[in-house]
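Notes for the one structure printed next.
All values below were derived from every heavy atom in this structure, side-chain atoms included, with hydrogens, water molecules and symmetry-related copies excluded. Letters A, B, ... mirror the listed sequences (proteins, then strands); counts begin at 1.
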Protein chains: 2
Amino acid sequence: MLSNACKYAIRSILYLAINSSEDNKIGVKIIAEELETPQPFLAKLLQQLTRDKLVSSTKGPNGGFYLDSKNRKNAIWDVIISIDGTSKFDNCFLGLAKCDDRNPCPVHFIVSPFKDKILSSFRDKTIDEYVVEIKNTNRVISLKDLDLFENEDS
Amino acid sequence: MLSNACKYAIRSILYLAINSSEDNKIGVKIIAEELETPQPFLAKLLQQLTRDKLVSSTKGPNGGFYLDSKNRKNAIWDVIISIDGTSKFDNCFLGLAKCDDRNPCPVHFIVSPFKDKILSSFRDKTIDEYVVEIKNTNRVISLKDLDLFENEDS
DNA sequence: ATAAAAAAAGAGATTCTTGTCTTAAACTCG
DNA sequence: CGAGTTTAAGACAAGAATCTCTTTTTTTAT
Ligand code: FES
Ligand code: FES
């Protein structure tokens, strides 16, 4: 559904939302290590996001990427638009030319409610709100955070 | 989620399930036209499906592809395994290394129920059963069938 | 000023997916 | 048998996605 590029970008934005500030800019190197993504490739993506004003950056020593308060008012959806475009969300799951309720493919009514949900999750919440939700519910973003509950079987 | 190749393959199987029989084999050319897919590419896919005994074929005049009663007992899931493999269904939507309920990414609990549904739709029904469902509910398979209800606004 | 640090930019390499082309093999029918 | 038809197979080509490398520009700190 999403390209690798877009997945990296979303995870970067969330990472920056949680860990960065104007006083604490983070370099590509760190971000790439934390998210375990290819470094120069991620750099390209961050450049793209910066061009589209979804993240902020400064050069030089103590420079790096961060989110200012304006950036935090955007939605994940804006990241998807910037990197992947929206076509993958509009297209039919089985590749038919059109996807709508009146000419549904065999899985349309399974796929369609899911699309709506994920869409509203990405589009109707600001990054800020997203982060609050992530913190409240202990969601994982980077890879290194995995297996948080390794030894606490429920 | 699914590759083009896999979408073509699924649509072909469904097309053959509805339109072919041992007495009515269908050539690649016709199938490719009906589904509006690149012909030689589809031929490759049908060869692959034939190797995996998901479709049947005979060469020569009046030859072509068809589904025998054994083929019809398979599931769409078998097509996906044959063409794409299952990894796309196992992987995390945001590209994290593992996808499970204990280390959920921010969208895990949105994506996960959908995966279960689509999976059971593909895995727990035979092609035969799928076709019955398609016929009962007027689902669209090829592109040419689109806009069936053009002038019957509900 | 100068040196170091970091992003920006652009060219290039690799791999994967998609798609094409050509030849071989098998089958049918006259 | 022999001509025609259709799948099978394999090599090949184009394109996109992914990833890398090098150079330039900007900023900070000394
Ligand atoms: S028509 Fe196929 S997903 Fe909507
Ligand atoms: S952990 Fe991301 S979808 Fe399950």
>> Going 5' to 3' along DNA chain D, between which two nucleotides do contacts with chain A fall, using a heavy-atom cut-off of 4.0 Å?
In response: dT18(D) to dA29(D)
>> Using a 4.0 Å heavy-atom cut-off, does A43(A) contact any base of the nucleic acid, only the sugar-phosphate backbone, or nothing at all?
In response: nothing
> Do the ring planes of Y130(B) and F122(B) sit parallel (below 30°), tilted (30 to 60°) or perpendicular (above 60°)?
Replying inline: parallel
> Just how far, in rounded Å, is P of dC27(C) from CD of E22(B)?
Replying inline: 15 Å
>> Just the rounded figure in Å: distance from P of dG19(C) to CG of L42(B).
In response: 11 Å
> For the pair made of CZ in F41(A) and C1' in dA13(C), what is the distance, rounded to whole Å?
Replying inline: 14 Å
> Which atom names give the shortest non-hydrogen contact between A5(B) and F41(B), and what distance separates them?
Replying inline: CB-CZ, 4.0 Å
> Which whole-number value in Å describes the distance from Q48(A) CD to dG10(C) C1'?
Replying inline: 14 Å
> For K88(B), does the NZ atom sit with more than 12 other heavy atoms under 6.0 Å from it, leaving out its own atoms?
Replying inline: yes
>> Tell me every residue that passes ring pair (Phe, Tyr, Trp, His ring centres under 6.0 Å) with F114(A), counting only those two or more places apart in sequence or in another chain.
In response: F114(B)
>> Side chain of Q47(A) only, heavy atoms from C-beta on: which candidate in dT20(C), dA7(C), dA8(C) is closest?
In response: dA8(C)
> Any link between L119(B) and I83(B) through a network of hydrophobic side chains (Ile, Leu, Val, Met, Phe, Trp, Tyr) touching at under 4.5 Å?
Replying inline: yes
> Atom CG of L45(B) to atom P of dT20(C): distance rounded to whole Å?
Replying inline: 12 Å
>> Students often get this wrong, so: under 4.0 angstrom with heavy atoms, is P40(A) touching a base, only sugar-phosphate, or nothing?
In response: base
>> Taking the nucleotide of DNA chain D with the nearest heavy atom to each, does K29(B) or L2(A) sit closer to the 5' end?
In response: K29(B)
> With nearest nucleotides of DNA chain D determined for C6(A) and K59(A) from heavy-atom distances, which residue corresponds to the more 5′ nucleotide?
Replying inline: C6(A)
> Would you say dT18(C) has OP1 or OP2 under 4.0 Å from some side-chain N or O of Y8(B)?
Replying inline: no
>> Tell me the closest heavy-atom pair linking I31(A) and S12(A), and the distance in Å.
In response: CG2-OG, 4.2 Å
>> Output the rounded distance in Å from CG (L46(B)) to P (dG19(C)).
In response: 14 Å
>> Can you confirm whether K117(B) is buried at NZ, in the sense that more than 12 heavy atoms of other residues, nucleotides or ligands lie under 6.0 Å from that atom?
In response: no
> Roughly how many Å is it from CZ in F65(B) to P in dC27(C), rounded to a whole number?
Replying inline: 14 Å
> Would you say a side-chain N or O of S57(A) is under 4.0 Å from OP1 or OP2 of dA8(C)?
Replying inline: yes
>> Considering every strand and a 4.0 Å limit on heavy-atom distances, what is the contact class for K25(A): base, sugar-phosphate, or nothing?
In response: nothing
